[in-house]
Asks: 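The structure is given below, and queries will be raised subsequently.
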Amino acid sequence: MEIIKTCLDGCFILKPKVFKDERGAFFESFHKITFEKLTGMQIDFVQDNQSVSFKGTVRGLHFQTGKYAQAKLVRVIEGEVLDVAVDIRPTSTTYGKHIAVILNHNNNNQLFVPRGFAHGFITLSEKVILGYKCDNYYNKDYESGIFYDDPELNIDWKLDNSEIILSKKDRKLKFFNDLF
Ligand SMILES: Cc1cn([C@H]2C[C@H](O)[C@@H](COP(=O)(O)OP(=O)(O)O[C@H]3O[C@H](C)C(=O)[C@H](O)[C@H]3O)O2)c(=O)[nH]c1=O
């Protein structure tokens, strides 16, 4: 496993070591001791999620608030996404800044999104299966989010707006400037 720091403190890209042979390939998708050694963070994931999305689907930008804030370790099992993490830590020097990373089943890259970030992705392949670990449980009463196409965040989602599939809930998310 290799770790790549990003411009957002605490947000990392993880590249697993892939073992290929005539049968295919194998890699450890998570190893607690290695993760903690590389990131310097203690982490106890308590919930695994998986979603299936069709091309153009945007899920996000989501986060849970307060004591239900979640850190996430995101990976693509099949397909390709542009995965986006936005720093919404009010005192952060990179408040409002984001990174956007291509995750797919060829590069097997993972994105660690710390607590205090909004997270979302757009599906770039015909279909994507995305799995992610969370270090806190889902609690719908603590769910919040930011509209994906927020002018302040100015995220390049790569696809034309006419191709975007958005849930009813995500259409009604607040703007970044109305967060706090
Ligand atoms: C997130 C979640 C949802 N649900 C239920 C609630 C709804 O009935 C249904 C779909 O939920 P939602 O539309 O919020 O799913 P996503 O849009 O994929 O939400 C996720 O999208 C972005 C990418 C994230 O980073 C978050 O982890 C998460 O908010 O699953 C659960 O039962 N448990 C859960 O942990």
Side-chain angles (χ1 to χ4, degrees), residues 6 8 10-14 29-30 35 39 41 43-89 92 94-105 107-150 153 155-159 161 163-176 178-180:
T6 71
L8 303 179
C11 200
F12 302 105
I13 297 166
L14 295 154
S29 50
F30 178 71
F35 179 92
T39 63
M41 292 177 180
I43 197 87
D44 285 308
F45 291 115
V46 295
Q47 181 177 319
D48 271 15
N49 294 335
Q50 180 163 309
S51 61
V52 182
S53 305
F54 302 115
K55 183 165 186 173
T57 297
V58 170
R59 293 179 184 260
L61 296 158
H62 299 158
F63 60 96
Q64 291 192 169
T65 60
K67 62 183 180 181
Y68 282 96
Q70 294 172 309
K72 297 162 190 166
L73 181 60
V74 186
R75 70 190 187 100
V76 163
I77 296 158
E78 180 190 320
E80 181 169 85
V81 302
L82 182 74
D83 207 45
V84 176
V86 182
D87 187 350
I88 55 172
R89 298 169 295 191
S92 170
T94 51
Y95 179 68
K97 299 289 180 231
H98 72 275
I99 58 160
V101 182
I102 293 282
L103 306 179
N104 62 41
H105 62 250
N107 66 26
N108 296 305
N109 286 349
Q110 303 177 6
L111 183 63
F112 177 73
V113 181
R115 293 185 180 192
F117 279 65
H119 174 246
F121 67 87
I122 186 166
T123 303
L124 299 176
S125 50
E126 286 311 308
K127 175 181 135 186
V128 81
I129 299 174
L130 184 124
Y132 54 103
K133 306 177 94 62
C134 303
D135 77 338
N136 211 344
Y137 292 105
Y138 170 66
N139 187 319
K140 68 178 172 45
D141 298 330
Y142 286 77
E143 276 196 299
S144 187
I146 308 167
F147 184 62
Y148 84 102
D149 200 21
D150 185 282
L153 299 181
I155 297 167
D156 177 2
W157 290 100
K158 304 296 181 196
L159 297 185
N161 280 349
E163 299 176 86
I164 303 293
I165 304 169
L166 214 52
S167 69
K168 281 198 185 71
K169 179 184 79 170
D170 287 356
R171 287 182 196 288
K172 293 185 282 188
L173 290 174
K174 61 182 85 164
F175 285 105
F176 174 72
D178 301 329
L179 261 192
F180 299 111

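Remember, predicted model here, so these are calculated numbers, not experimental data. In each ligand, atom 1 is the first atom listed, and ligand 1 is the first ligand listed.
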Asks: Give me the nearest non-hydrogen protein atom to atom 12 (P) of ligand 1 as residue plus atom name, then the distance to 0.1 Å.
Replies: K169 NZ, 3.8 Å
Asks: Determine whether the side chains of D48 and Q50 contain a donor N or O and an acceptor N or O closer than 3.5 Å.
Replies: no
Asks: Would you indicate which of Q64, H62, H119, K168 comes nearest to atom 21 (O) of ligand 1 when only heavy atoms are counted?
Replies: H62
Asks: Which residue owns the protein heavy atom closest to atom 18 (O) of ligand 1, what's the atom, and how far is it?
Replies: R59 NH1, 2.9 Å
Asks: Check Y132 against ligand 1 and report side chain, backbone, both or neither, counting heavy atoms closer than 4.0 Å.
Replies: side chain
Asks: Tell me whether K72 has any N or O atom under 3.5 angstrom from an N or O of ligand 1.
Replies: yes
Asks: Give a yes or no on whether atom 7 (C) of ligand 1 lies under 4.0 Å from any heavy atom of the protein.
Replies: no
Asks: Is there a protein heavy atom less than 4.0 Å away from atom 2 (C) of ligand 1?
Replies: yes
Asks: Are the side chains of L124 and L159 in contact, using a 4.5 Å heavy-atom criterion?
Replies: yes
Asks: Provide the closest heavy-atom pair for Y148 versus N161 in the form atom of the first, atom of the second, distance.
Replies: OH-OD1, 3.3 Å
Asks: With ring centroids as reference points, do F176 and Y95 lie under 6.0 angstrom apart?
Replies: yes
Asks: Considering heavy atoms of the protein only, find what lies nearest to atom 35 (O) of ligand 1 and give residue, atom and distance to 0.1 Å.
Replies: Q47 NE2, 2.9 Å
Asks: Which label fits F45 and F35: parallel for a plane angle under 30°, tilted from 30 to 60°, or perpendicular past 60°?
Replies: perpendicular
Asks: Give me the one residue out of D150, L173, I155 that meets side chain to side chain contact (heavy atoms under 4.5 Å, CB included) with L61.
Replies: I155
Asks: In terms of atom number and element, which parts of ligand 1 are under 4.0 angstrom from non-hydrogen atoms of N49?
Replies: 35 (O)
Asks: Side chain, backbone, both or neither: which applies to Q70 and ligand 1 if a contact is any heavy-atom pair less than 4.0 Å apart?
Replies: neither
Asks: Are Y138 and E143 close enough that some pair of their side-chain heavy atoms sits under 4.5 Å apart?
Replies: yes
